[in-house]
Amino acid sequence: MLSSATPLETTDRLFFGQATSSLDRQEAEHITSEALHGADDGELYLEYRESEMLSLDDGRIRMASSDTALGFGLRAVSDEATGYAHAGEITRDTLKRAAETVSAVRSGHSGESSGAPRATNQRLYSDENPLRTTDFAVRTRLLSEIDAYARGKDPRVIQVMASMAGEWQAVQIIRADGSRVADLRPLVRLNVAVVVERDGRRETGSYGTGGRFSYARVMDEAVWRAAADEALRQAVLNLDSVAAPAGEMEVVLGSGWPGILLHEAIGHGLEGDFNRKKTSAFSGLLGQRIASPGVTVVDDGTIPDRRGSLTVDDEGTPTSRTTMIEDGILIGYIQDRMNARLMGMRATGNGRRQSYAHAPMPRMTNTIMLNGQHTPEEMIGSVKRGLYAVNFSGGQVDITSGKFVFSASEAYLIEDGRVGPPVKGATLIGNGPDALTKVTMVGNDMALDAGIGTCGKQGQGVPVGVGQPTMKMAGLTVGGTGN
């Protein structure tokens, strides 16, 4: 249910005239206006965040933490120079000191203030604080229930790890012209990992789910049982895995979470700052073919309840659905306000920051490859010998060169058009700009991930989502220990 109070009304109560602040709104607007006078852009970003983390291991609660954070970040932007100051308390004195600090960036500069972002009345998720919708004791009991359920399903289970995390973030953004925008953001996540043992061999499986909604969604019995079942399925499957083959071969990537490869190998290279500075492997390629025909990639921050979605970004710009690659042609980047202005482009609602202590930068929201025409069965049936990679556990990419390495947590051999035994230790090695040109078939089964992604960039982590249909790629290098 949405609150009857608007996000602006709720955040006004949090930030002005309460025990948490000795600052009134008129003072905040006046100091912000003075600090940003003559700058090209900037804002006052106010944040309140409640968060908690619970984890269970071997039938016992091993960790229970909670935190409340309050603070502001004040930013002034002149040309491509940024002045940023932040504080963990909201008072007239701390804001004035911050204003004195950031105003130095506009010394000798007489910019014309950028217009405020367009207004929006979209609300993509509930305003409800998930930490206050269920009792703490109920959440801890659920973790014990997950442990008992997983152990009862299979006698080979020797360890269960389960965790829940939740937060509620309230932000208000004030600009030099007095325009204001606010957002109330819930976020929850459930993770289950299971260790099984057979004849001295131990294997692990894991699964997580979450999004921008209340705890009730992940505490539903059908949801948490499905999470435990999936973690157990993966662990048991790995007991029969064989060494992954090595060499160049055809690879079929599964739908959903394997989109993390798309996010890392391609998405970061399409963020505006890397392209403005010409450090991306995709710099200067607008209008050119960078992927096979049939490959269309979007970044969509407007999908309701998704982990990577935002009603407005951390500069106050409404998020959008931005097409980056259309039928293989690079047609756009994702942008924050500063890089969009310097590149003569439109801000796409991708200005994001980890907290009030961090300046915003271009970041992905939900990065998705759209559907093609083929069925998964067609793709697998067309492979003589290759790899079917269903899930990934992690990876890394070099933005400048585009080179990437990803580890598959669930993968199978494909032999004569049929899915064969599961393999262990498979890694995919390639180059982002080259990889999408090797896509030979795109499936019709696009799926989003289960809501577990966190993206790191320049020391800042933000929640994100990924998605893709099953797709077939030719000539990828697979690292493994088998023949």
Side-chain angles (χ1 to χ4, degrees), residues 1-15 43-51 69 72-73 75 115-133 166-175 179-189 210-215 217 298-322 334-337 340 346-356 358 360-368 448-449 451 453-455 460-467:
M1 295 293 291
L2 294 177
S3 168
S4 57
T6 68
L8 270 176
E9 291 168 340
T10 300
T11 54
D12 276 349
R13 289 196 294 267
L14 281 170
F15 299 127
E43 71 286 310
L44 173 63
Y45 178 87
L46 301 154
E47 178 188 15
Y48 174 83
R49 188 193 303 254
E50 294 180 18
S51 60
F72 73 85
R75 181 179 66 147
R118 64 179 175 83
T120 179
N121 60 2
Q122 69 176 345
R123 294 167 78 177
L124 299 175
Y125 29 78
S126 169
D127 298 342
E128 199 170 49
N129 184 339
L131 279 64
R132 300 184 182 182
T133 57
E167 71 173 47
W168 186 74
Q169 181 192 31
V171 302
Q172 185 175 136
I173 299 158
I174 301 176
R175 310 197 66 81
S179 61
R180 300 185 301 137
V181 65
D183 198 15
L184 305 174
R185 303 167 177 170
L187 188 66
V188 301
R189 177 172 168 168
R212 294 198 179 278
F213 35 68
S214 74
Y215 272 131
R217 188 85 64 93
V298 304
D299 187 85
D300 191 350
T302 69
I303 309 172
D305 297 336
R306 295 299 303 176
R307 181 174 172 85
S309 294
L310 292 170
T311 297
V312 294
D313 72 4
D314 293 322
E315 299 177 304
T317 305
T319 54
S320 60
R321 180 182 173 95
T322 303
I334 53 175
Q335 298 281 15
D336 64 350
R337 287 173 60 88
R346 177 182 63 87
T348 57
N350 290 88
R352 305 189 64 188
R353 64 183 101 199
Q354 178 174 309
S355 75
Y356 68 84
H358 303 83
M361 66 180 87
R363 305 294 299 272
M364 285 172 275
T365 56
N366 303 297
T367 306
I368 302 163
L448 300 173
D449 76 288
T454 297
C455 172
Q460 294 191 43
V462 296
V464 296
V466 298

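Note that this is a predicted model, so its numbers are computed, not measured.
Listed for the Arg352 side chain is a donor-acceptor partner under 3.5 Å among the backbone atoms of Pro463. Checking side-chain atoms of Arg212 against main-chain N and O of Pro186 turns up a donor-acceptor pair under 3.5 Å. The closest donor-acceptor contact from the side chain of Tyr215 to the backbone of Gly166 lies under 3.5 Å. Distance alone, capped at 3.5 Å, is enough to place a donor-acceptor pair between the Thr311 side chain and the Leu124 backbone. With hydrogens and angles ignored, the 3.5 Å screen pairs no side-chain donor or acceptor of Asn350 with any backbone N or O of Pro362.
A side chain to side chain contact (heavy atoms under 4.5 Å, CB included) with Thr322 holds for exactly one of Thr365, Thr348, Asp300; it is Thr348.
Inter-residue side-chain proximity for Leu448 and Arg306 is flagged as met; some heavy-atom pair is nearer than 4.5 Å. Within the 4.5 Å cutoff, the side chain of Phe213 has no heavy atoms near those of the Pro130 side chain. Within the 4.5 Å cutoff, the side chain of Ser355 has heavy atoms near those of the Glu47 side chain. Looking at Tyr125 and Leu310, their side chains come closer than 4.5 Å, going by heavy atoms from C-beta outward. At least one side-chain heavy atom of Leu184 sits under 4.5 Å from a side-chain heavy atom of Thr11. The side-chain heavy atoms of Gln122 and Thr319, taken from C-beta on, include a pair separated by under 4.5 Å. Counting heavy atoms from C-beta on, the side chains of Ile368 and Ile303 come closer than 4.5 Å. Contact annotation: the side chain of Arg118 approaches that of Pro318 to within less than 4.5 Å [non-hydrogen atoms, C-beta and beyond].
The CG atom of Leu44 sits 12.0 Å away from atom CZ of Arg75, with the distance rounded to the nearest 0.5 Å. The structure places CZ of Arg346 at 10.0 Å from OG1 of Thr317, a figure rounded to the nearest 0.5 Å. Here the CD-CG distance, from Glu167 to Leu187, works out to 5.0 Å after rounding to the nearest 0.5 Å. For the atom pair CD1 (Ile173) and OG (Ser179), the distance works out to 10.0 Å, reported to the nearest 0.5 Å. Interatomic distance, Phe72 CZ to Gln172 CD, rounded to the nearest 0.5 Å: 14.0 Å.
Here the shortest heavy-atom pairing between Val464 and Asn366 reads C-OD1, 4.4 Å. Heavy atoms only, all atoms of each residue included: Gln354 and Gly461 are closest at OE1-N, 2.6 Å. Between Pro360 and Gly351, the shortest heavy-atom distance links the atoms CB-C, 4.3 Å. Across Gln335 and Ala340, no two heavy atoms sit closer than the pair OE1-N, 3.5 Å.
Here Arg353 does not pair with Asp336 in a salt bridge; the nearest charged N to carboxylate O distance is not below 4.0 Å. Looking at Glu43 and Arg337, no side-chain N of the basic residue comes within less than 4.0 Å of a carboxylate O on the acidic one, giving no salt bridge. One finds no salt bridge joining Asp299 and Arg363 here, because no Lys/Arg side-chain nitrogen approaches an Asp/Glu carboxylate oxygen to under 4.0 Å.
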Take Leu8 and Arg180 through the test side chain to side chain contact (heavy atoms under 4.5 Å, CB included) and record every step on the way to the result.
CA-CA 8 Å; Leu8 270 176; Arg180 300 185 301 137; 3.7 Å; yes
Between Ile174 and Leu46, is the side chain to side chain contact (heavy atoms under 4.5 Å, CB included) condition met? List the steps.
CA-CA 8 Å; Ile174 301 176; Leu46 301 154; 4.1 Å; yes
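For the 3.5 Å distance criterion, the side chains of Asp183 and Gln169 fail to qualify, holding no donor opposite an acceptor. When only modelled atom types and interatomic distance are considered, Arg307 and Thr454 share a side-chain donor-acceptor pair under 3.5 Å.
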